Every structure is written in C-alpha cells, then in structure tokens.
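The block underneath contains the structure these notes are about, expressed in structure tokens.
Numbering starts at 1 and runs along the sequence shown. All values reported here derive from a predicted model rather than from experimental measurement.
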Amino acid sequence: VYETEFELPADYLNGSARLTLDLGRVADVAEVWLNGREAGVRWMQPYCLEVTSHLQAGTNHLKVLVTNTLINEVTGMKEPPPVPAELIPHYGGEGNRYSIGRTRFFQEKKVEPPPSGLLGPVKLLARG
C-alpha cells in the first residue's frame, strides 16, 4: 500500500483541463483511491487513470494498492510446500511427476523474483 498527500491549486480544477494520474511502472496490478473514493484499477500498461472528478482543490489523499503475481511468493520459499490434498486425486502424492518437478524448481532455484510494487515515477498530468 502506497499513500501520500499532495496539494492541488484550485486553478487546476477550473476550466476544461482533464487531469490524468500516470503511475509509471507498476508490477503488477494497481488499485487507485483518491480522497476515499475508488478511482479505478489498472493491470497493464499504460497505468493511467483520468481522475479529474476525484480531485479537490487543496489537500488530496492518494492511496495505491499494488498486487503482484504468485511468482514473487514462490521464489522466496526455501522448499516446496506439500502437494495440496485437492490435487492428489489428479496428480498423485509425493514422488510423482508433479512433485518431482516442483522439487527440482526449488533445488535449482534459477528464478529471481521479478520487480514488484509501485515503481513509478508517479505524475499528475493536465491535458486540454
């Protein structure tokens, strides 16, 4: 969760300008809240949202919740978890192709966790 407050002069909200929040680089899904209201969700580039109606003159509160993929969790594990009970009827228990493959992944551990989070830069752009 990333949070900040920023000041917006009233001049930015007078007239025909449209304000766009550009989150820059995000890994992987961003849920954006402005002043306590959900502004939108972005899961692919460009991570931009039109936010004019969510802004107010003066102090604004921005909150961005970022969710990454499961690979970040998996690459941080030291050993594989047990085969889930609901998968045993489909794949079998320990010692099968599924468990051998996952064990090999953890032994070789050649996968580095990809970047995650709000990588930015975050900008508020006025257009129009």
Side-chain angles (χ1 to χ4, degrees):
V1 176
Y2 301 84
E3 294 187 77
T4 191
E5 289 189 342
F6 61 94
E7 297 294 319
L8 186 67
D11 294 349
Y12 280 81
L13 297 174
N14 297 333
S16 62
R18 305 304 292 165
L19 298 168
T20 300
L21 179 65
D22 181 348
L23 298 174
R25 221 171 126 221
V26 177
D28 292 293
V29 178
E31 180 181 341
V32 178
W33 292 75
L34 265 166
N35 299 318
R37 293 177 33 218
E38 186 175 10
V41 175
R42 292 294 180 267
W43 58 274
M44 60 185 289
Q45 294 180 346
Y47 288 92
C48 296
L49 297 129
E50 200 284 314
V51 294
T52 307
S53 65
H54 290 78
L55 295 168
Q56 59 194 21
T59 302
N60 288 269
H61 182 82
L62 171 65
K63 179 165 74 169
V64 182
L65 293 86
V66 177
T67 304
N68 58 8
T69 63
L70 188 57
I71 193 65
N72 294 81
E73 174 73 19
V74 171
T75 56
M77 292 176 162
K78 302 293 183 216
E79 60 184 52
V83 177
E86 64 272 14
L87 296 181
I88 291 174
H90 184 69
Y91 292 105
E94 298 298 324
N96 62 38
R97 188 169 34 173
Y98 171 79
S99 64
I100 292 168
R102 70 188 173 93
T103 301
R104 186 175 302 136
F105 171 83
F106 284 94
Q107 288 171 345
E108 294 174 5
K109 204 66 161 196
K110 293 180 181 172
V111 177
E112 292 294 321
S116 64
L118 180 58
L119 306 172
V122 177
K123 302 175 195 170
L124 187 61
L125 306 170
R127 301 180 197 262

Quick one: do Leu19 and Leu8 satisfy side chain to side chain contact (heavy atoms under 4.5 Å, CB included)? Show the steps, please. CA-CA 11 Å; Leu19 298 168; Leu8 186 67; 4.1 Å; yes
Remaining members of Val1's ILVMFWY cluster at a side-chain heavy-atom cut-off under 4.5 Å? Trp33, Leu65
Between Asn72 and Pro114, is any pair of side-chain heavy atoms under 4.5 Å apart? yes
Could you check whether any side-chain heavy atom of Leu62 comes within less than 4.5 Å of a side-chain heavy atom of Asn60, counting everything from C-beta outward? no
Take atom CD of Glu86 as the centre, draw a 6.0 Å sphere, and report whether it contains more than 12 heavy atoms from other residues, nucleotides or ligands. yes
Please name all residues satisfying side-chain contact (heavy atoms from CB on, under 4.5 Å) with Leu49, sequence neighbours left out, ordered by chain then number. Val32, Arg42, Val51
Could you go through residues 115-128 and list every donor-acceptor pair under 3.5 Å that involves a side-chain atom there, pairing it with any protein atom two or more places apart or in another chain?
| from | atom 1 | to | atom 2 | distance (Å) |
| --- | --- | --- | --- | --- |
| Ser116 | OG | Asn68 | ND2 | 3.4 |

Determine the minimum heavy-atom distance between Tyr2 and Val66, stating which atoms define it. CE1-CG2, 3.8 Å
Treating Tyr12 as the side-chain partner and Thr52 as the backbone partner, does any N or O pair qualify as donor plus acceptor under 3.5 Å? no
Distance from His61 atom NE2 to Asn35 atom CG, nearest 0.5 Å? 8.5 Å
Give the minimum heavy-atom separation between Ala57 and Leu13, together with the two atoms involved. N-CD1, 3.3 Å
Here the pair of heavy atoms bringing Ala30 nearest to Leu23 is CB-CD1, 3.7 Å
Do Glu7 and Thr59 have side-chain atoms, one donor and one acceptor, less than 3.5 Å apart? yes
